[in-house]
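To keep things clear, I will list the structure first and then write my remarks on it.
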Amino acid sequence: MPGPVAAYVVACQERTGSNLLCGALSAQGGLGAPDEWLGRSRLHQRLVDSGTAAPSSTPGAPRPGDLDAYVDAMAARTAPGAVFGAKVHWYQLAAALDDGWLDDVRGAVPRAARSDAVVVRLRRRDRVAQAVSMLRAQATGTYVAPADGSAVDEVRHPEPYWATGGGDPLEEIERVVGTIDAHDARWSQHLAALDVPVLEVDYEWLTADYDATVRDVLAFLDHPLPATAAVPEPRTARQADARSAELIEAYRRSRRS
Ligand SMILES: Nc1ncnc2c1ncn2[C@@H]1O[C@H](COP(=O)(O)OS(=O)(=O)O)[C@@H](OP(=O)(O)O)[C@H]1O
Ligand SMILES: OC[C@H]1O[C@H](O[C@H]2O[C@H](CO)[C@@H](O)[C@H](O)[C@H]2O)[C@H](O)[C@@H](O)[C@@H]1O
């Protein structure tokens, strides 16, 4: 008989609405702040700041000296008594698995909570739209649009994550869709091998019926919202613009011809 949910992972890929969902979970109060604790661009600094970096860790090749100590330090930042949450993109887990400092995704939550950890698997059915969203975020340096309209700093990665930034945009989309498919298959394989409860959620459900989808996720995480309580307002806004629509349409047209 499984116990109450002690920790959770939002298992996703980029541009699947993960900030929208994780914003709702963070706003709930008892579910921590599911951040990208394994996120490559900040991992080395987080390890150093928490005193858990391996001597060999560098910004380009972050490596914990003691993963459990690192995860515990991140968990200590969430409110006392809150359920710990982590958001993990496949490429972040893959890097950790390849480096050998983690055996499976449950390593991203505190050891004491692993046997009662659950997974919310977030995907986007429209992979062309997802790929275009990735390329637009990379091109504009804007990965998130706060719903309150506040400004965010541009993010420029030293090396492009998903595309070269040059060349034929339709070929870029094709390549990124291929990466999304491959990473999705790896998530499926990885989760199928674990004895862990998984709730499947699609970006399309989240955006078509935000209230009902967030309620379903909260119930799965043992934090059901009473029918009389309102779902927290989205913290992020939709980013896709006219250029996104143009690229999606051009790609679809090219596939039909
Ligand atoms: N409120 C709301 N309504 C509709 N869509 C929304 C909303 N908030 C975020 N989004 C869209 O989610 C996409 C970004 O996904 P992620 O947050 O997973 O991106 S990432 O983690 O930073 O890579 C990205 O998709 P695109 O609009 O296709 O670019 C965001 O616009
Ligand atoms: O595509 C790589 C990563 O790009 C985004 O992360 C970057 O922007 C974040 C702010 O929106 C910042 O916190 C992070 O350190 C940057 O790497 C995106 O949010 C990530 O999901 C994505 O993996």
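All values below were derived from every heavy atom in this structure, side-chain atoms included, with hydrogens, water molecules and symmetry-related copies excluded. Read the numbers this way: they start at 1 and go in the same order the structure lists the ligands and their atoms.
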Interfacing atoms of ligand 1 (cut-off 4.0 Å, heavy-atom, [X]):
X      : value
Tyr143 : 22 (O)
Glu14  : 23 (O)
His89  : 21 (O)
Leu20  : 1 (N), 2 (C), 7 (C), 8 (N)
Ser133 : 24 (C), 25 (O), 26 (P), 28 (O), 29 (O)

Note down each nitrogen or oxygen pair, ligand 2 side and protein side, whose separation is under 3.5 Å; give only atom names and the distance to 0.1 Å.
{"residue": "ligand 2", "atom": "1 (O)", "partner": "Glu14", "partner atom": "OE2", "Å": "2.5"}
{"residue": "ligand 2", "atom": "13 (O)", "partner": "Arg42", "partner atom": "NH1", "Å": "3.4"}
{"residue": "ligand 2", "atom": "15 (O)", "partner": "Ser41", "partner atom": "OG", "Å": "2.8"}
{"residue": "ligand 2", "atom": "17 (O)", "partner": "Ser41", "partner atom": "OG", "Å": "2.6"}
{"residue": "ligand 2", "atom": "17 (O)", "partner": "His157", "partner atom": "NE2", "Å": "2.9"}
{"residue": "ligand 2", "atom": "21 (O)", "partner": "Glu36", "partner atom": "OE1", "Å": "3.4"}
{"residue": "ligand 2", "atom": "21 (O)", "partner": "Glu36", "partner atom": "OE2", "Å": "2.7"}
{"residue": "ligand 2", "atom": "21 (O)", "partner": "His89", "partner atom": "NE2", "Å": "2.8"}
{"residue": "ligand 2", "atom": "23 (O)", "partner": "Glu14", "partner atom": "OE2", "Å": "2.8"}
{"residue": "ligand 2", "atom": "23 (O)", "partner": "Tyr91", "partner atom": "OH", "Å": "2.6"}

Is a salt bridge present between Glu154 and Arg156, judged by a nitrogen-to-oxygen distance below 4.0 Å?
yes
Tell me, please: is [X] in heavy-atom contact with ligand 1, that is, under 4.0 Å?
X      : value
Arg124 : yes
Thr207 : yes
Arg136 : no
Gln130 : no

Tell me every residue that passes ring-ring contact (aromatic ring centres under 6.0 Å, His included) with Trp162, counting only those two or more places apart in sequence or in another chain.
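Result, ring-ring contact (aromatic ring centres under 6.0 Å, His included) vs Trp162: Tyr91, His183.
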